[in-house]
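It should be emphasised that the depicted structure is a prediction, and the values quoted were computed from it without experimental measurement. Each chain gets a letter, A, B and so on, in the order its sequence line appears, and its residues count up from 1.
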Number of protein chains: 2
Amino acid sequence: MLDGYDKHAFEPFAVTVDLAVFTIREGTLHVLLVERGQEPYAGRWALPGGFLRPDESAERAARRELGEETGLTDVTGLHLEQLRTYSEPDRDPRMRVVSVAFAALLPDAPEAHGGGDAAQARWTPYEAARDLAFDHDRILADARDRIGAKLEYTGLATAFCPPEFTLGELQQVYETVWGTALDRPNFRRKVLATPGFVEAVPGAARLTGGRGKPAALYRAGTAAALHPPLLRPTPEGRPA
Amino acid sequence: MLDGYDKHAFEPFAVTVDLAVFTIREGTLHVLLVERGQEPYAGRWALPGGFLRPDESAERAARRELGEETGLTDVTGLHLEQLRTYSEPDRDPRMRVVSVAFAALLPDAPEAHGGGDAAQARWTPYEAARDLAFDHDRILADARDRIGAKLEYTGLATAFCPPEFTLGELQQVYETVWGTALDRPNFRRKVLATPGFVEAVPGAARLTGGRGKPAALYRAGTAAALHPPLLRPTPEGRPA
DNA sequence: CCTTTAATAGTCAGTACGACTATTAAAGGG
DNA sequence: CCCTTTAATAGTCGTACTGACTATTAAAGG
């Protein structure tokens with residue numbers, strides 16, 4: 001890998017992290033955006049992020065920046081995963097910047113405020129998050145695609161839920177991210193038939209938020225992958 | 001993202017690409033390794049890779065390095081995808097290096113030779129590829145996991161096959177990567193029932209390599225995702 | 001020409017899934 | 001207080017899919 005670093009000149013790069021942080025609010029997918037304080041793209045909205053420091057990994061930098069720019073320091077329950085790295089030479093007008101992008105999911109949505117380099121931070125409905133700075137439109141779209149796909153074959157959906165949740169809340173997550181309605185009894189059957197997806201909270205612990213029959217509570221299971229997966233309804237006239 | 005680059009000092013990083021290049025030879029998964037010519041880890045085997053140049057993306061750098069270090073210039077049919085970026089501060093003993101790792105698949109296995117910074121290059125059985133330089137053991141393991149998982153829900157397996165292939169060859173890919181035997185009639189049925197996975201070569205084009213009944217030829221289909229997916233047999237006593 | 005090898009065809013029972021209907025347990029309004 | 005509304009949970013039914021097999025076909029090789 002590093003062979004010949006004394007033979008060929010190697011160029012220094014600025015390395016940043018960018019975060020696509022999702023949560024579900026009022027049944028809608030929301031993304032955390034910050035308003036840029038400086039050029040370029042001053043006044044435009046962008047994904048939170050910032051420069052990597054010499055002593056930290058990209059993962060650590062991502063958590064730090066999230067706290068600094070948005071005040072979200074209580075990131076217990078934060079699911080953070082690398083999306084991919086964006087390295088097109090012209091993606092930043094000033095200089096060569098390589099950015100490691102992350103996708104993150106939060107259960108509830110604590111209010112965010114600006115800080116650090118960000119003029120302000122705000123939860124924005126996904127559909128309204130357009131015309132972002134740099135290539136952030138692309139990063140955001142990639143992140144959303146990835147989340148949607150991972151809901152099918154991992155237990156990732158529980159990362160949108162509080163530690164204890166009802167199957168109705170879990171179904172809401174799927175419906176919101178996929179943008180489709182799901183049959184409730186069938187959803188329930190599949191989730192419970194998938195070992196390691198959720199586990200019932202032992203005590204007759206039931207709790208209601210609102211109207212109907214109180215729902216049983218579940219916790220996230222331990223399974224990394226879902227077998228069988230919870231496939232998205234076939235969009236068009238797919239096979240079946 | 002880049003807010004405040006004039007407020008906070010930002011550190012320059014060396015950025016490299018590392019490649020886990022897989023092929024199937026004699027029914028075994030092989031990885032392309034290069035022998036390091038210099039310290040650190042001189043004489044040790046490593047994944048091919050090298051420094052990013054100021055005018056190229058990580059993807060371009062990956063293709064270039066593959067050619068330089070291994071002589072694999074005819075990379076038609078090369079499937080290349082980003083794996084993830086490794087950025088632990090101590091992953092290189094000399095300096096701070098952030099590496100964008102790629103997984104690549106090749107149909108046949110043209111012989112590789114050293115070149116550029118690599119003393120030599122060699123196709124190595126995956127099982128024998130241990131004790132690599134830097135954190136390349138980890139990268140290699142991550143790449144293999146990813147490939148195995150993607151075989152389930154994408155048509156990625158065709159990237160290991162020549163442009164036209166038999167279903168037997170395709171099945172070999174699955175069996176090799178997953179390390180499990182599959183029932184031939186059932187495999188056939190599932191592949192053909194999955195729209196967009198493969199398409200029959202129209203002419204009564206059949207061709208034989210060896211003994212038995214000649215097999216029909218297929219080409220890779222256009223589907224990005226497999227619906228339904230081709231799930232791996234459940235390892236232990238999984239549900240079903 | 002007969003054996004071996006591999007591809008392809010077909011069968012059958014168990015299971016998963018989508019589309020529904022039915023029941024239960026709470027909240028809320030009159 | 002009762003009756004309506006709402007949501008959770010239970011159960012049904014027919015189709016599609018899957019895994020485990022058996023059978024047939026078409027070549028190569030001695």
Asker: Can you check the B:D183 CG to D:dA20 C1' distance for me, whole Å?
Answerer: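 Atom-to-atom, B:D183 to D:dA20, this comes out as 7 Å.
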Asker: Separation of A:R232 atom CZ from C:dC17 atom C1', in whole Å?
Answerer: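 Computing the A:R232:CZ to C:dC17:C1' distance gives 18 Å.
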Asker: Is there a side-chain polar atom (N or O) of B:K190 under 4.0 Å from OP1 or OP2 of D:dT18?
Answerer: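 Yes, such a contact exists.
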Asker: Would you mind reading off the distance between B:H227 atom NE2 and D:dC17 atom C1', rounded to a whole angstrom?
Answerer: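 Value for this atom pair: 16 Å.
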Asker: Using a strict cut-off of less than 4.0 Å between a Lys/Arg side-chain nitrogen and an Asp/Glu carboxylate oxygen, indicate whether B:R146 and B:E81 qualify as a salt bridge.
Answerer: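 So B:R146 pairs with B:E81 through a salt bridge.
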Asker: Would you say the side-chain atoms of A:S57 and B:S87 include a donor-acceptor pair closer than 3.5 Å?
Answerer: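 No, no side-chain donor-acceptor contact under 3.5 Å.
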Asker: Look only at the side chain of B:E152 and the backbone of B:R232, and say whether a donor-acceptor pair between them is shorter than 3.5 Å.
Answerer: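 Between the backbone of B:R232 and the side chain of B:E152 there is a qualifying donor-acceptor contact (under 3.5 Å).
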Asker: Give a yes or no on whether a donor-acceptor pair under 3.5 Å exists between the nucleobase atoms of D:dG11, that is its base, and the side chain of A:R189.
Answerer: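 A donor-acceptor contact between them is absent.
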Asker: From CG of B:L182 over to P of C:dA6, roughly how many Å is that when rounded to an integer?
Answerer: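 After rounding, the reported distance stands at 16 Å.
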Asker: Take atom CG of A:N186 and atom P of C:dT21, then tell me their distance rounded to the nearest Å.
Answerer: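 Spelled out: CG on A:N186 to P on C:dT21 is 13 Å.
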Asker: Can you tell me the distance, in whole Å, between the CZ atom of B:F187 and the P atom of D:dA20?
Answerer: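 Whole-Å distance recorded here is 15 Å.
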Asker: Round to the nearest Å and state the distance from A:K213 atom NZ to C:dA26 atom C1'.
Answerer: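 The answer, rounded to whole Å, is 9 Å.
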Asker: Is there a Watson-Crick or G-U wobble partner for D:dA26 with both distances under 3.5 Å, and which nucleotide is it?
Answerer: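 Per the H-bond distance test, C:dT5.
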Asker: Over how many whole Å does the gap from A:E169 atom CD to D:dT6 atom C1' extend?
Answerer: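 Atom-to-atom, A:E169 to D:dT6, this comes out as 16 Å.
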Asker: Counting heavy atoms from C-beta on, name the nucleotide in D:dT9, C:dT8, C:dA26 closest to the side chain of A:A215.
Answerer: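 For the A:A215 side chain, the nearest candidate turns out to be D:dT9.
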Asker: Is it the case that the side chains of B:Y86 and B:D142 hold a donor-acceptor pair, with the cut-off being a distance below 3.5 Å and no angle test?
Answerer: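 Yes.
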Asker: Below 4.0 angstrom from OP1 or OP2 of D:dA10, is there any side-chain N or O of A:R188?
Answerer: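 Answer yes for this pair, as a side-chain N or O of A:R188 is under 4.0 Å from OP1 or OP2.
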Asker: Closer to the 5' end of DNA chain D via nearest nucleotide, is it B:P229 or B:P185?
Answerer: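 Per heavy-atom nearest nucleotide, the more 5' residue is B:P229.
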Asker: Does A:F165 have its ring centroid less than 6.0 Å away from the ring centroid of A:Y218?
Answerer: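 No, they do not, as the ring centres are separated by 6.0 Å or more.
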Asker: Sort out the partner of C:dG10 for me: Watson-Crick or G-U wobble, both distances under 3.5 Å, none otherwise.
Answerer: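 Paired with C:dG10, as far as the under-3.5 Å criterion goes, is D:dC21.
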